[in-house]
Visitor: 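Quick one: this structure, given as structure tokens, is what I'll be asking you about.
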Amino acid sequence: MIVEAAVSFFLVVGSFFLLVGAVGLARLPDFLMRLHAPTKASTLGIGGLLLASLVWFATHGLPGVKELLVTLFMFLTAPVSANLLGKAALHLRLKSRAPLPPPAPGADPDA
Amino acid sequence: MTRLFPYPILSAALFAAWLALARTLEPAHLALAAALATGIPLVARRLFEPPHAIRSPAAAVRLTVVVLYDVIVANLIVARLVLGPMDRLRPAFVTVPLDATHPYAVSLLAAIITTTPGTVSVDVRLAERAILVHALDCADPAGLAAAIKSRYERPLMEIFG
């Protein structure tokens, strides 16, 4: 009972933040601002789902080492991909509400 | 031994991660885990900086707690911003000057910035010793840069010395 309540709670919280991430992706006005929605909201969204999975399988005889690994992989990969997308956006001089900074001095234009 | 395992902790972590993913201790998987634990560091070592000791484990634990707390706060802030009116957002580019020099500290700082409140590191400019950050809603760029430096960079410099 308590387990089910905890699992449901984490599922609802996780789904809410995933939804927020999706809404952000649809609503935010420019590429760099849209980049914020999946890197933030989704982290806690997936975190919530992982916690639910962790609690469920821990109480059903399968301790959740995998969930910890997924968390680790997510924290390793999300910032790197966000950084690459941001760099690409900057390089292509995409339309941005925040005034774009000048390119790094001496940077190879094709880098 | 050092030539076969240049990064013993990484090798141990890979070995354990493979067995955890496969959820088994069968001999075949043990052999595969051992092969991965030896092979991957040898292939990837050219991408890595030399191993570096953590000077202050206490600071590392403190920073981890701070970052986890900030991730939760970041999600709540971003949720509110995303669901609120779009024309009230004040996106800005902020240049955060770096004092940290160690490559591990700099790349960790960039990753932490991306996972925490309303900020994404867009460009790590090593030549200028700065990280270019895009903020979703920022009224005070200088204050944001100062906050990032005191909250994350200082502990990182403590950790990597």
Side-chain angles (χ1 to χ4, degrees), chain A residues 13 16-17 19-37 39-45 47-48 62-66 68-70 72-91 96-101 103-107, chain B residues 13-14 16-23 64 67-68 70-87 89-95 107-128 130-138 141:
Chain A
V13 170
F16 170 74
F17 281 104
L19 180 66
V20 167
V23 169
L25 210 54
R27 281 192 77 202
L28 289 166
D30 70 49
F31 179 84
L32 280 160
M33 291 171 81
R34 273 194 289 265
L35 200 52
H36 288 270
T39 51
K40 303 290 153 23
S42 308
T43 322
L44 199 59
L62 278 172
V65 192
K66 277 190 188 178
L68 295 180
L69 284 173
V70 173
L72 178 69
F73 294 154
M74 196 175 63
F75 274 106
L76 285 177
T77 53
V80 175
S81 50
N83 181 241
L84 283 176
L85 287 169
K87 237 177 139 80
L90 211 59
H91 182 66
S96 162
R97 251 219 241 171
L100 283 174
Chain B
L14 283 169
W18 181 261
L19 291 180
L21 279 175
R23 242 200 255 273
T64 310
V67 169
L68 284 179
D70 286 353
V71 165
I72 295 174
V73 175
N75 276 279
L76 293 173
I77 293 174
V78 171
R80 199 171 47 88
L81 292 175
V82 157
L83 300 175
M86 288 293 123
D87 49 358
L89 296 180
R90 294 153 295 183
F93 283 98
V94 179
T95 306
S107 47
L108 262 176
L109 180 62
I112 289 173
I113 289 172
T114 298
T115 42
T116 50
T119 48
V120 168
S121 5
V122 176
D123 203 0
V124 179
R125 298 185 163 173
L126 283 179
E128 295 163 60
I131 296 182
L132 184 65
V133 172
H134 183 271
L136 187 55
D137 182 42
C138 174

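Quick note on labels: first sequence line is chain A, next is B, and so on, each numbered from 1.
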Visitor: Please state whether the side chain, the backbone, both or neither of B:Leu81 comes within less than 4.5 Å of a heavy atom of chain A.
Guide: neither
Visitor: Minimum heavy-atom separation for A:Val20 to B:Ala79, with atom names?
Guide: CG1-CA, 3.5 Å
Visitor: Closest heavy-atom contact between B:Thr115 and A:Pro79?
Guide: CG2-CG, 4.1 Å
Visitor: Let's test your reading of the structure: which of B:Ala130, B:Gly84, B:Cys138 forms the most heavy-atom pairs below 4.5 Å with chain A?
Guide: B:Gly84
Visitor: Side chains of A:Leu90 and B:Asp123: does their closest heavy-atom pair fall under 4.5 Å?
Guide: yes
Visitor: Is there side-chain contact between A:Leu35 and B:Val122, with heavy atoms separated by less than 4.5 Å?
Guide: no
Visitor: Under the 3.5 angstrom rule, does the side chain of A:Arg27 hit a backbone N or O of B:Pro85 as a donor-acceptor pair?
Guide: no
Visitor: Which atom names give the shortest non-hydrogen contact between A:Leu69 and B:Ala20, and what distance separates them?
Guide: CD1-CB, 3.7 Å
Visitor: Quick one: CG on B:Leu136 to CG on A:Leu32, what's the gap to the nearest 0.5 Å?
Guide: 10.5 Å
Visitor: Checking side-chain contact (heavy atoms from CB on, under 4.5 Å) for the pair B:His134/A:His36: CA distance, chi angles, key distance, verdict?
Guide: CA-CA 9 Å; B:His134 183 271; A:His36 288 270; 2.9 Å; yes
Visitor: Highest number of heavy-atom pairs under 4.5 Å with chain A: which of B:Val82, B:Asp87, B:Asp137, B:Val124?
Guide: B:Val82
Visitor: Test side-chain contact (heavy atoms from CB on, under 4.5 Å) on B:Thr114 and A:Val80 and set out the steps.
Guide: CA-CA 9 Å; B:Thr114 298; A:Val80 175; over 6 Å; no
Visitor: Check step by step if side-chain contact (heavy atoms from CB on, under 4.5 Å) holds for B:Leu76 and A:Phe17.
Guide: CA-CA 9 Å; B:Leu76 293 173; A:Phe17 281 104; 3.6 Å; yes
Visitor: Which one of B:Ala135, B:Ala16, B:Ser107, B:Ala110 has the most heavy-atom pairs closer than 4.5 Å to chain A?
Guide: B:Ala135
Visitor: Considering non-hydrogen atoms only, spot the tightest contact between A:Lys66 and B:Leu21 and give its length.
Guide: CE-O, 2.9 Å
